[in-house]
Number of protein chains: 6
Amino acid sequence: MIEPKIKLFAGSSHPQLTAAISKLLKVPVSPLDIRRFASNEIYAKPGETVRNADVFVIQTGTQNVNEDLIELFIMLDSFKRSFAAKVHVVMPYFPYARQDRVAAPREPISAKLMADLVSKAGADHVITFTLHSDQEQGFFDFPVDNLTARMLFADYLKKKKLKDLTVVAPDVGSAKEAQRLAKILNAELAIINKTRPAANVSEVTHVVGNVTGRTCILYDDLVDTAGSVANAVAALRKQHANKDFYLAATHAVLSQNAHKKLRAAKFKEIIFTDTIPISKQKRLPNMKIISVAPLLAAVIHNVHEGKPLTPLVNS
Amino acid sequence: MIEPKIKLFAGSSHPQLTAAISKLLKVPVSPLDIRRFASNEIYAKPGETVRNADVFVIQTGTQNVNEDLIELFIMLDSFKRSFAAKVHVVMPYFPYARQDRVAAPREPISAKLMADLVSKAGADHVITFTLHSDQEQGFFDFPVDNLTARMLFADYLKKKKLKDLTVVAPDVGSAKEAQRLAKILNAELAIINKTRPAANVSEVTHVVGNVTGRTCILYDDLVDTAGSVANAVAALRKQHANKDFYLAATHAVLSQNAHKKLRAAKFKEIIFTDTIPISKQKRLPNMKIISVAPLLAAVIHNVHEGKPLTPLVNS
Amino acid sequence: MIEPKIKLFAGSSHPQLTAAISKLLKVPVSPLDIRRFASNEIYAKPGETVRNADVFVIQTGTQNVNEDLIELFIMLDSFKRSFAAKVHVVMPYFPYARQDRVAAPREPISAKLMADLVSKAGADHVITFTLHSDQEQGFFDFPVDNLTARMLFADYLKKKKLKDLTVVAPDVGSAKEAQRLAKILNAELAIINKTRPAANVSEVTHVVGNVTGRTCILYDDLVDTAGSVANAVAALRKQHANKDFYLAATHAVLSQNAHKKLRAAKFKEIIFTDTIPISKQKRLPNMKIISVAPLLAAVIHNVHEGKPLTPLVNS
Amino acid sequence: MIEPKIKLFAGSSHPQLTAAISKLLKVPVSPLDIRRFASNEIYAKPGETVRNADVFVIQTGTQNVNEDLIELFIMLDSFKRSFAAKVHVVMPYFPYARQDRVAAPREPISAKLMADLVSKAGADHVITFTLHSDQEQGFFDFPVDNLTARMLFADYLKKKKLKDLTVVAPDVGSAKEAQRLAKILNAELAIINKTRPAANVSEVTHVVGNVTGRTCILYDDLVDTAGSVANAVAALRKQHANKDFYLAATHAVLSQNAHKKLRAAKFKEIIFTDTIPISKQKRLPNMKIISVAPLLAAVIHNVHEGKPLTPLVNS
Amino acid sequence: MIEPKIKLFAGSSHPQLTAAISKLLKVPVSPLDIRRFASNEIYAKPGETVRNADVFVIQTGTQNVNEDLIELFIMLDSFKRSFAAKVHVVMPYFPYARQDRVAAPREPISAKLMADLVSKAGADHVITFTLHSDQEQGFFDFPVDNLTARMLFADYLKKKKLKDLTVVAPDVGSAKEAQRLAKILNAELAIINKTRPAANVSEVTHVVGNVTGRTCILYDDLVDTAGSVANAVAALRKQHANKDFYLAATHAVLSQNAHKKLRAAKFKEIIFTDTIPISKQKRLPNMKIISVAPLLAAVIHNVHEGKPLTPLVNS
Amino acid sequence: MIEPKIKLFAGSSHPQLTAAISKLLKVPVSPLDIRRFASNEIYAKPGETVRNADVFVIQTGTQNVNEDLIELFIMLDSFKRSFAAKVHVVMPYFPYARQDRVAAPREPISAKLMADLVSKAGADHVITFTLHSDQEQGFFDFPVDNLTARMLFADYLKKKKLKDLTVVAPDVGSAKEAQRLAKILNAELAIINKTRPAANVSEVTHVVGNVTGRTCILYDDLVDTAGSVANAVAALRKQHANKDFYLAATHAVLSQNAHKKLRAAKFKEIIFTDTIPISKQKRLPNMKIISVAPLLAAVIHNVHEGKPLTPLVNS
């Protein structure tokens, strides 16, 4: 048996990111015949041998999340049956990550389910970014590299030399991650908390922590409808925060009118990564998109070479 | 531990069939909160306890096939985690059943994959109709009741007292199933075969078997785009078959303009079942839809009671 | 096969809780021969048949945590091999629950590991209290009832009719759970945050949120060495909080000198549950211990009877 | 860890094929101590280390089919326990392949069962020829190379420059595979169909398709008792087919008096492969045996080298 | 779901034992269509529904051991796919039990392998007699009732009121089990030991322990070729043991000329059980066969009823 | 993917053996951060990358057996999640090996349980010495190298040129292993047997075999409390054995006052290996400790290189 060669494949969810990674890695994207039958059933067939290959397949979660998943499962089945040596799933945004606990009786834990299905379909390893909770890493019965864009955001923000900084978690569940960024930036921490003063009275948004005169960076793992960040900005304004607001989030889910709410919130700057493709129509003039392609390319390279990721992750 | 009670749940794919089964079984459909987040992620939560219940969940494959599957997986996860005693999946049309073999190197076997994922997500048993090939029953590592509508078609057709009958398989792969119907109806058998006389020459449709003057019943497991049945009718006409053509098929997939092609083919009658919902727009005046609800209700009843299915299946 | 009968067994970790549950359930504790060989290897043998029984085995995590676990695994092996119908593990405090994520490269996820080992050894179901993070429920591939003592604390505290209440999370990771209690009590929320102003400077404890003149309830899932609650009280005092401090926590791990630190912190009242036995020597005069036995007995009863837990959990 | 070396082992079912493959591959057959105890229990022990070896073990299904299987399972157990790197089962004729569906209620799916047992016993990969149905590939949860002898037959037959060729499927279930050969040979297709005109009347064999004056090649995956091919020839004669009949089949099962029936049927030529050893006593003067050894040797070589099989399979 | 009913099925290995158990249990043997195709492939189909049944299938290991096993696997597959509630394998003699360890490098552990295959094929439980070593119980990942005929032998021998009894183990590996019988009978213990005084010198049989003038009972789990018991008797005679020799063994494997050797050894009495059928031709005048049917019937009854086996096993 | 490099890690159970192996192998012991939290929960984190490494982790069973096991499980989880290529557990003394059978109804088979848990936690392979019974090798579903120190003892004893040697098994269960050593040494065999002449009468220790004037070597897999070897020596003395007694055993468990009993038994020499660390306090002047480090180092080397162990094991 010869040493497995690296091969790069990609689903249809994020061609730009795939192209960027391929270019950086100097590994071409292998042909993959993905089609959709008249019945909407998906067909996927590698266009060249994967026998004994070290396969990396790139597929993220988009607004077409369920199609993205089924397409991934089918690709994995073909890799597994075609005798790939190892199959690494590069899934920058792991869908259903928010459904990670039983918040009300009888709820599914869809994040765990998807981890199980990805494994059953044929994955040996997952590379992803910022799972909704750190604990989700334990949902996988095989190695997961749960990368973070925190250092990318910190490096970018440090260059701005902002003063009197406060990192604000837009809800209590995001407090832990906000604290981590605050530590790196030597910033203070504040948290948005929603309470209901009495039954049948509408919810009130509080700011826990002092933000008067502070430059606030709202920081979260993802922005979906942008409703909570819009409310957060309003609450911070009431507390006389500095009028320059920043928003930083790894995953730009941007459902429905999210981009309109973001425009209305008048951020000084909005910083996303490209773990999810952002359509032209949803891009705003004050939006900065930091690419995760260089980090992913380096990670893929080291995984293939059997080298540690620590130097990449901590830099 | 008390004896498990029957509970009936349904996904969003086929409410009419669910209602019909519920009425026949005299078991109400239990509430199930199925929602879709802004991000298109699906949420499903049983609205009442399933602890120690004998759960039957109805979900078929429609034109929304991938959403149907993910919705099913999520429902299964919630049943499993909520301590259901047994979970039976009633999936009248099992999606991806046609992708049941490696026809070209490196193809996935998506039918097997879906069987595996349904199992991994939490199913203990599947009840379905007419898998594309009989062998697919072996794709499941747990019991499968692969029902057939053959007797429903035969009973209906017998009443017409048609003479000089030939059952025609629209392609060679369907010959076995056509032969079975022909035996019940004491009919002859013919098969449509496509050949290519020489390279770079277009495919020719042959009729294998004699159909001159015969009343032909085209019979298949499903009708998708209706392209092959349209070609079959044309080929049969050339062979001077009786001008009254019948079409019988279990699964009315009816993708794209299938209904238009069916109209143009001028069948005397088209006979489908309701394993897949047929929208009003796709219904034709010469279309007869035989409901599988009575058979499914009886099967569900016997499965719950631990009684044999043989009396139901052979009648 | 007749209907399985309920049988109650217990490891050696918490005899008082076992006795209380047994009395409430009116189910005797079945004999279990647990011994330790000279070599410290553990031996466990049920003293009566478990064939076709619905077995509930009670074992919590104490300061002898590793012995507790191995003892549990061995008991499970004997139940499984002796043909028990179902084996439910009642583990009020699930050990290693805090090791639930990879905080530094190459860390184990011991909570997930223990969930896997409990399953492999023979458990079909786990009943526990307040896992360190809600997400851990997804570490189990079988049903878990993750009960909460939140309502027990809330009911007890409401009777005190305290005013100007603030629930304080002793660190950022506990903010979510503190918020939940605050909502029930109509209280405000504050969070203790630790920062390091500069490299090589010692950590500073901040209070995020306003606590001046407020009656503070420190609330956490567990108290281990009591170091962080002691620091929290000091920080709250600096902010001129009301001098009456309360501490509420589900799991009284109380390692090392925890009880001394708690005494020194001069709480008005410390409220624990008995998920872990608290030795006489560690009990303080201002310590209130709410028993989880009534809730566990009711849960066990409903699980055995196949009835929903929702009425018990939400009352 | 050094790179695994190729090692070739063989069960007792087909020494000639093993020798041929070994010679072509230039890899000696490793010693394997296979014995049978007085009690008929089988013993198998590799005679040299397999630690870290890329093991290929050759065993086909013969008239001693059950002994062949148990012998294989025991060999696999010894390879697995002795730390082989990979174990590839080369099983030119996969036994029980015909029991691939539930034709009557409560039938086993023995082909799926054998796939599962081969896997459980220790195989990582199976290389076989012409499974009874293409779908059986999905019975394996690991890679299977389901080779075909179709091109070997086609190449051999083409050289004969036969005219007015019709490929005849000896029953409806074989129609699909017959169609494939017909396409390659530019031949017509006919199918033998059995019907029963009325209850209590004996079965009648029909020819579906026109064979008058045609040179017929009966083509099937295997010949067992030769009963159906004998009937087929009689039916074709009645339809005034050309008196030169050919028979081509991959697997020469040849049970009982099959060779006598084949002699009586007076084929112009009978073409088999050597996936199953054919005893001298069963060989007929008009029998041509095409060896699969060159194809198998090439496949084994490419599998070991991690090279694609496509070039071999399509030539 | 109603309560599962008991159903009794049997393979073809031991019809007399099946009949005896059926009569004692007052449960008829359910029809099972077992056939052998011309190719020697086995077919097995339950003749009536097993849906929701508590199935007990009786199959022992005979001189046809490999066929017995494959027949069992196929029966299990059909029970599992046909939705039996539980499948108990009653295998009075478990084949390959002697291959329970790696005595030389690279040997298989066939006993473990067969336990795994029985499980994979569909068994939930095994009931057997006197596995070759007690440790083999641990080869099964599910409950095993490893019954013993020791008390049956003891009761029978006690009635003879023999004096100066010594139980003799025919080799060192059987010493433990001989010791157990000796304890019950208040007998002494002796062991046959084989040594080789020097290289290239033939093996010498020693008696370890004093047997002069003692009445010897050779006792083993099974008698295969009877070679070692014949040698043992010769060695005991040399030591001037009492001329009345007894032989007791659970499993009468009796391969090849075993019965002739037993006749030549001139035992006073040979006591076997009927875990394996003994053909008329192999029965000797001095052979007493104690039936295990009463014990098996009682065990099956209690297993079905969920009652403990201890009262049966210790009486 | 590059070739995996060897890495050596060790738990806290046996640092001397680890150091000796490391020195012989010329492979440094990789850093491993093992800590114990205040709550006694164990933490273990590899101090350097294990990505793509061929990991050997050394951990034996000591008087802290349960802690040793949990520590091992946690180490295995971290190796597995950190993407080690293979994880080999070097466990010279495998704990719980004596609980290898169900001696009384409902007993656990803890040896099998521990094998399962070691596997579930992440081991691919186990290297150990002298499992309590040979059959335990079958408890592992993956390769096990069950090494023996028999040749080490034999070589050492041969040099003494002792005459009139008898190897004595201290109980009947050890007879088989004693026989093996006796064969190598050309010694006779004797066995200690305990009987109870009548109910309520205390047990009597018999010597089976003649030991008068013989030099006896008591030989067992392990010495735990030394109770049975002390009794054995007394019984041998009564039979006028030579006054020079030897004791040889692989595993020096030496619980409680074992060393005092050993001193009192006045052996000429006691020979142990260092599979378990022997504290200074328990070492006696007549104790010889043969190190297994050279054999283990050679085995680890060959395993890593993919070379056979046979030359090492048979020398």
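By convention in this document, chain letters (A, B, ...) are assigned in the order of the sequence lines, proteins followed by strands, and residues within each chain are numbered from 1. The shown structure was predicted, so the numbers you read here are calculated from the model rather than taken from an experiment.
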Roughly how far apart are E:H301 NE2 and E:L309 CG, rounded to 0.5 Å?
12.0 Å
Measure E:D116 against the heavy atoms of chain F and call it side chain, backbone, both or neither at under 4.5 Å.
side chain
Going by an N to O cut-off under 4.0 Å, is there a salt bridge joining F:E177 and F:R150?
yes
So does F:R98 pair up with F:D224, basic N to acidic O under 4.0 Å?
yes
Show, in sequence, the C-alpha distance, side-chain angles and deciding distance for E:D221 and E:Y93, and conclude whether the side-chain hydrogen bond (donor to acceptor under 3.5 Å, both in side chains) test is met.
CA-CA 10 Å; E:D221 61 329; E:Y93 173 59; over 6 Å; no
So which residue, F:N193, F:N210, F:V207, ends up with the most heavy-atom pairs under 4.5 Å with chain E?
F:N193
Hey, which residues of residues 168-175 of chain E are touching chain F, say heavy atoms under 4.5 Å apart?
E:V172, E:G173, E:A175
Could you name the residues of residues 127-143 of chain E that have a heavy atom within less than 4.5 Å of a heavy atom in chain F?
E:S133, E:D134, E:Q135, E:Q137, E:G138, E:F139, E:D141
Can I get a per-line list of side-chain donor-acceptor pairs under 3.5 Å for residues 156-166 of chain E, giving both atom names and the distance, sequence neighbours left out?
| unit_1 | atom_1 | unit_2 | atom_2 | d |
| --- | --- | --- | --- | --- |
| E:Y156 | OH | E:E269 | OE2 | 2.4 |
| E:K160 | NZ | E:E269 | OE1 | 2.5 |
| E:T166 | OG1 | E:R214 | NE | 2.9 |

Minimal non-hydrogen separation, F:A248 against F:I217, with atom names
CB-CG2, 4.4 Å
Any heavy-atom pair between the side chains of F:K238 and F:T205 that's under 4.5 Å?
no
For a side-chain hydrogen bond (donor to acceptor under 3.5 Å, both in side chains) check, start with the C-alpha distance between E:H251 and E:T275, then their side-chain angles and the critical distance, and finish with the verdict.
CA-CA 6 Å; E:H251 306 300; E:T275 55; 2.9 Å; yes
Sequence-distant partners of E:F73, ring pair (Phe, Tyr, Trp, His ring centres under 6.0 Å), two or more places apart:
none
Checking heavy atoms, do the side chain of F:K176, its backbone, both or neither come under 4.5 Å from chain E?
both
Begin with the C-alpha distance, continue with both residues' side-chain angles, and end with the deciding distance and a verdict on side-chain hydrogen bond (donor to acceptor under 3.5 Å, both in side chains) for F:N242 and F:T215.
CA-CA 5 Å; F:N242 180 328; F:T215 299; 3.0 Å; yes
